[in-house]
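Each remark here refers to the structure printed beneath this line.
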Amino acid sequence: MKQIINRMELRFPSGSVNESFARGAVSAFVLCLDPLVTDLNDLKTAVSEAVTNAIVHGYRDTIGTVYITAVIYADGTVQVKVRDRGCGIPNIEKAMEPLFTTGGEERAGLGFAVMQSFCDSVRVISKPQKGTTVTLTKRFERKPNGE
């Protein structure tokens, strides 16, 4: 079992204004790893997509609570779980296909593809009418010579 060096929990209403708050909070949390800017931006983008999905799709036309748990492991791996108790995803495989969306014409349907491109792994667990948990995992490389 990996050694945990830090852990954080956060919850907030599913208003779209809180998407940038979530991104910033997770970003600040991982700064102790002294990440490369590109790696930090990758994680921020993936978190942004996961939170946006919870807000737009999970809760649709209602306000619920979005939960984030983030863990930093001793090997530099960061795991971020974004969870909602919204409508759930009836077909995860279909939902993860690029360009598939239930959000209407204004949505591109690329959220999961973006998350997958910026993280080492993306896992989705969902039950209709119970909610969805998206687990993002990214390993941050240590800078050479402590730089």
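Along the sequence shown, the residues carry numbers beginning at 1.
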Under 3.5 Å, side chain of Thr62 to main-chain N/O of Tyr59, donor-acceptor pair present?
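Checked: no pair found.
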Keeping Thr133 on the side-chain end and Ile125 on the backbone end, is there a donor-acceptor pair under 3.5 Å?
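Absent.
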Glu9: side chain to side chain donor-acceptor pair (under 3.5 Å) partners, not counting sequence neighbours:
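Glu9 satisfies side chain to side chain donor-acceptor pair (under 3.5 Å) with Arg7 only.
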For Thr77, what residues pass the side chain to side chain donor-acceptor pair (under 3.5 Å) criterion, not counting sequence neighbours?
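By the side chain to side chain donor-acceptor pair (under 3.5 Å) rule, Thr77 matches Asp75.
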What distance separates [X] [atom1] from [Y] [atom2], expressed to the nearest 0.5 Å?
| X | Y | atom1 | atom2 | value |
| --- | --- | --- | --- | --- |
| Leu136 | Glu49 | CG | CD | 10.5 Å |
| Glu141 | Leu33 | CD | CG | 11.0 Å |
| Tyr73 | Ile4 | OH | CD1 | 5.0 Å |

Would you say [X] and [Y] make side-chain contact, with heavy atoms under 4.5 Å?
| X | Y | result |
| --- | --- | --- |
| Cys32 | Ile72 | yes |
| Phe118 | Leu43 | no |
| Phe112 | Val134 | yes |

Of all residues at least two apart in sequence or in a different chain, which pass the side-chain contact (heavy atoms from CB on, under 4.5 Å) check with [X]?
| X | result |
| --- | --- |
| Ser27 | Leu40, Lys44 |
| Phe12 | Leu10, Asn18, Phe21, Ala22, Val51, Val66, Ile68 |
| Asp39 | Leu36, Asp42, Lys138, Phe140 |

Quiz: residues 79-88 side-chain donor-acceptor pairs under 3.5 angstrom, not counting sequence neighbours:
{"from": "Asp84", "atom 1": "OD1", "to": "Gly86", "atom 2": "N", "distance (Å)": "2.8"}
{"from": "Asp84", "atom 1": "OD1", "to": "Thr132", "atom 2": "N", "distance (Å)": "3.4"}
{"from": "Arg85", "atom 1": "NH1", "to": "Tyr67", "atom 2": "OH", "distance (Å)": "3.3"}

Take Val78 and Val71 through the test side chain to side chain contact (heavy atoms under 4.5 Å, CB included) and record every step on the way to the result.
CA-CA 6 Å; Val78 175; Val71 177; over 6 Å; no
Going through the distances and angles, do Met115 and Val47 end up as a side chain to side chain contact (heavy atoms under 4.5 Å, CB included)?
CA-CA 8 Å; Met115 287 180 240; Val47 167; over 6 Å; no
Same cluster or not: are Ile63 and Ile55 linked, directly or through other Ile, Leu, Val, Met, Phe, Trp or Tyr residues, by side-chain heavy atoms under 4.5 angstrom apart?
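Ile63 does not cluster with Ile55.
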Taking every non-hydrogen atom, the tightest pair across Gly131 and Ser126:
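Reported closest heavy-atom pair: O-OG, 3.2 Å.
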